[in-house]
Amino acid sequence: MKEKQTGIPEVFLKPYNPAEHEDKLYQMWEESGFFNPDVCVEKGVTAADAEPFSIVLPPPNVTGTLHMGHASMLAIEDILVRYNRMQGKRTLWLPGTDSAAVATQEKVEKELYKKEKLTRYDLGREALIERIIAFSEESKSTIIGQTKKMGSSLDWSRYAYTLDDERYHAVMTAFVRMYEAGLIYRGARIVNWDPKMQTTISDDEIDYVEQTDPFYYFKYGPFTIGTVRPETKFGDKYVVMHPDDDRYKEYEHGQTIEVEWINGPITATIIKDEAADPEMGTGVMTITPWHSAVDFEIAQRHGLSQEQIIDERGILLPIAGEFAGQHIKKARAAIVEKMQAKGLVEKVDEKYVHNVATNSRGGGMIEPQIKEQWFVDVNKEFTMGPSEVPGVHEGDSVSLKQLMQKAVSGGGTTIFPDRFNKTYYHWIDNLRDWCISRQIWYGHRIPVWYKDGEMKVQIESPGDGWEQDPDTLDTWFSSGLWTFSTLGWPNETTDLKTYHPTTVLETGYDIIFFWVARMILMSTFLVGQVPFKNVYLHGLVRDEKGKKMSKSLGNIIDPLDMIEKFGADATRLSLIVGAAPGNDMPLSEDKVRAYKKFANKLWNISRFTLDNILDADFTAEATFSERDQEILQTLSDTVTEVSSDIEKFNLYLAAEKAYHYVWHDLADKVLEESKPILNGEDAAARYARQYVLKECLVTSLKLLHPFMPYVTEAIWQELPTELKDQEMIMVAAWPKQD
RNA sequence: GUCCGGUUAGCUCAGCUGGUAGAGCGCUACAUUGACAUUGUAGAGGUCACAAGUUCAAGUCUUGUACCGGACACCA
């Protein structure tokens, strides 16, 4: 290293330029192997029996690119990881990517159609999957590269992909075990069918979109019924009313009446059921069990017959008579016209506002259908195996629902912020059996085999002539295994024993149901442990006006742009300060810019300090003034506060305190008042102050390292060896607390 | 409809277990070429949404009201 006359490294003579250092530093970290806890133990940085600390990275979509949501997730997790690594814990942060099957297949299919005018059926299952894999592989490196840019200290040697061989094996094993325990069943049930993508989707994947449609009142014998969807009404032969509705006292449950209907007279049966809301319209409705979840439930309760009206593509079936073969969208007007002609239309409310179920992953309008699907039974009681779940013991009779409740209520998993506990319990209370089969091709294929009406559930094909179920599993089925499938399960690996349950799961509050709850379900049943001891839910990153970032609004702030302009450290800090757990956070470019200044400030603090202590003799006789003691005390208090805030997951407070201390205490006060002492005649006082400044610098760098890993490491690399306890600050010891 | 948040300086937000308001940005004035492609010092600016209650004392606790946001359910 070339040095100037003053003795400080030349690099400090220019302002801190992140672009010059970041990639080099990341490479240095990666090559050191310290991202891998085993290497830390090997090289004596971490004690072999140290307490473990583990986080699995919520895997981003392989085909995606890094957005601010990812950036904030990476910043939060990296802070926790770096802090705990410096605390001497055996720290693992495990990376992975997600196949996001539905979204990925859709993307590839769209491309395929656009470029080659081919559908998936033209191409066939094998060929399509090949294309999807090629596409995923290609885009995988993009998201991984971008993840590294943020400074994420992930252990890449343990990288997992949701569709790789180990995960495949875990998923198959999970399915078979759950089937054998009687928790997975096949049944004809009402599902959310997307006619556009030709697949079922789960309740959670539905988006309700507000829409205005005409609402029709039809004469149905002596009754008036209302509907938005006349095209589903052909087979309606049950008329339902509330048992306590006095207006219809004269009718009895089970009584039949003749009514004139769309295609001629039919025999209607009166059903009294509490699902009918007396306040709603006339209080009377007819039901279509095949195409409505509520109607299906009513039909189940009373053992009513069910008939399909609309096929999988949205075409009317023969029951529609003259309308058969028409698409429902086109048929509606014609049906109403005919009913009008028959005098069955009483009135029409043209401006009826209601919510329409659509597929959140592709926008297709959902048509409920009764289909043979695979389900996870959440209410069935089974005998619990070996259990570390609080409040649940081996041999207890429990249901998956109860397991999910107890994991949290027993304190096995703590949710931050705690108001989400209610949300979590509320969701479980409303939880119905989980439909896990999907009619898409890319994903984990269901390990069920058929031959001559016989069925076998096992991972390998039973032999010649056995046909595998064509369906694949819901992506959240495999995601639910993520905390342990990434650690080697179903094998009893050392990793699994060491790092599971993981310490923290950090994710957005928007996927608490999709993912958090499912992980708890899978882990408690399959491993007998909670998947994580803590859940930290972060908010959504919004623009400076609090609006959601979206392409159409043109208000997207690209994290990679920010890194290029202001550095990864500034980007990280801007995403942390002011971001209380679970609260949405506004972000502006100005905010990022402000933290770039801070990185430079730290750079200059270091330069000034080094300039004044490089010639210091720390062994010389020194007299510590009261003020010296006070400065050291403040420093130590800051360490205590920052540490405790990190432990409590209050990163926004920790970051702000560290920032405030370094800039407005250390720089503004301590450094300023030290100038006369450092230039003064009193050698003993000078030595003392030099020692104090050295402590302040080294400790501040460590304090800030989890938040700003690059600039602190860049400075650390320039410090004289005798000031350092480790060559890299990323594995240096966290400052001692009183 | 049920549940959960929010309402504090021009803007974005802190304010943890109750003791007469804080930060950043912005604004004004002054200082400084310094360790600092600047920074420092000082200042202006708030009946803490509204109402009632508990208390010696209430942004802080309780209840209610209004508005904003979100989640879930329902939508025949």
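No hydrogens, no waters, no symmetry mates; every other heavy atom, side chains included, goes into these values. Lettering of chains follows the sequences in order, A, B, ..., and the numbering in each one begins at 1.
Contacts classified as side chain to side chain donor-acceptor pair (under 3.5 Å) and involving residues 595-609 of chain A (residues at least two apart or in different chains) are not found. Pairs passing the ring-ring contact (aromatic ring centres under 6.0 Å, His included) check and including a residue from residues 286-308 of chain A, sequence neighbours excluded, read A:H253-A:H302.
Rounded to whole Å, the separation between the C1' atoms of B:A9 and B:C48 comes to 10 Å.
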Scan the side chains in residues 647-662 of chain A for donor-acceptor partners under 3.5 Å anywhere in the protein, sequence neighbours excluded, and list what turns up.
from: A:E647; atom 1: OE2; to: A:Y83; atom 2: OH; distance (Å): 2.6
from: A:K657; atom 1: NZ; to: A:E641; atom 2: OE1; distance (Å): 3.4
from: A:K657; atom 1: NZ; to: A:D645; atom 2: OD2; distance (Å): 2.8

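Within residues 670-680 of chain A, the residues that place at least one heavy atom under 4.0 Å from RNA chain B are, in residue-number order, A:L671, A:E672, A:K675.
B:A23 atom C1' lies 12 Å from atom CG of A:L653, rounded to whole Å. Computed from coordinates, the A:D510 CG to B:C72 P distance equals 10 Å when rounded to whole Å. Look at CG on A:D295: it is 12 Å from C1' on B:C75, rounded to the nearest Å. Look at CG on A:L697: it is 16 Å from P on B:A35, rounded to the nearest Å.
Scanning for salt bridge (Lys or Arg N to Asp or Glu O under 4.0 Å) contacts around A:E307 gives an empty result, with sequence neighbours left out. Applying the salt bridge (Lys or Arg N to Asp or Glu O under 4.0 Å) test to A:K422 and every residue at least two apart in sequence or in another chain returns nothing. Partners of A:E713 according to the salt bridge (Lys or Arg N to Asp or Glu O under 4.0 Å) rule, which considers only residues two or more places apart in sequence or in another chain, do not exist here. Every residue two or more places apart in sequence or in another chain that forms a side chain to side chain donor-acceptor pair (under 3.5 Å) with A:D628 is listed here: A:S625, A:R689. The side-chain contact (heavy atoms from CB on, under 4.5 Å) check on A:P368 picks up A:I190, A:I366, with sequence neighbours excluded.
Under 3.5 Å, the side chains of A:T200 and A:N192 contain no donor-acceptor pair of N or O atoms.
Side-chain N/O atoms of A:Y652 include one lying less than 4.0 angstrom from OP1 or OP2 on B:G15. For the pair A:N612 and B:A35, the criterion of a side-chain N or O lying under 4.0 Å from OP1 or OP2 is not met.
Nucleic acid contact class of A:A667 (heavy atoms, under 4.0 Å, all strands): base.
Annotated stems with RNA chain B as a participant read B:1-7 with B:66-72, B:10-13 with B:22-25, B:27-31 with B:39-43, B:49-53 with B:61-65, given as range with range, by first number; only runs of 3 or more Watson-Crick or G-U pairs under 3.5 Å qualify.
For B:G40, the base adopts the anti conformation, since its glycosidic angle falls more than 90 degrees from zero.
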Identify each atom pair where a protein N or O and an N or O of nucleotides 3-9 of chain B are less than 3.5 Å apart, giving names and distance.
from: B:C4; atom 1: OP1; to: A:K422; atom 2: NZ; distance (Å): 2.6

Protein-nucleotides 42-44 of chain B N/O pairs closer than 3.5 Å?
none

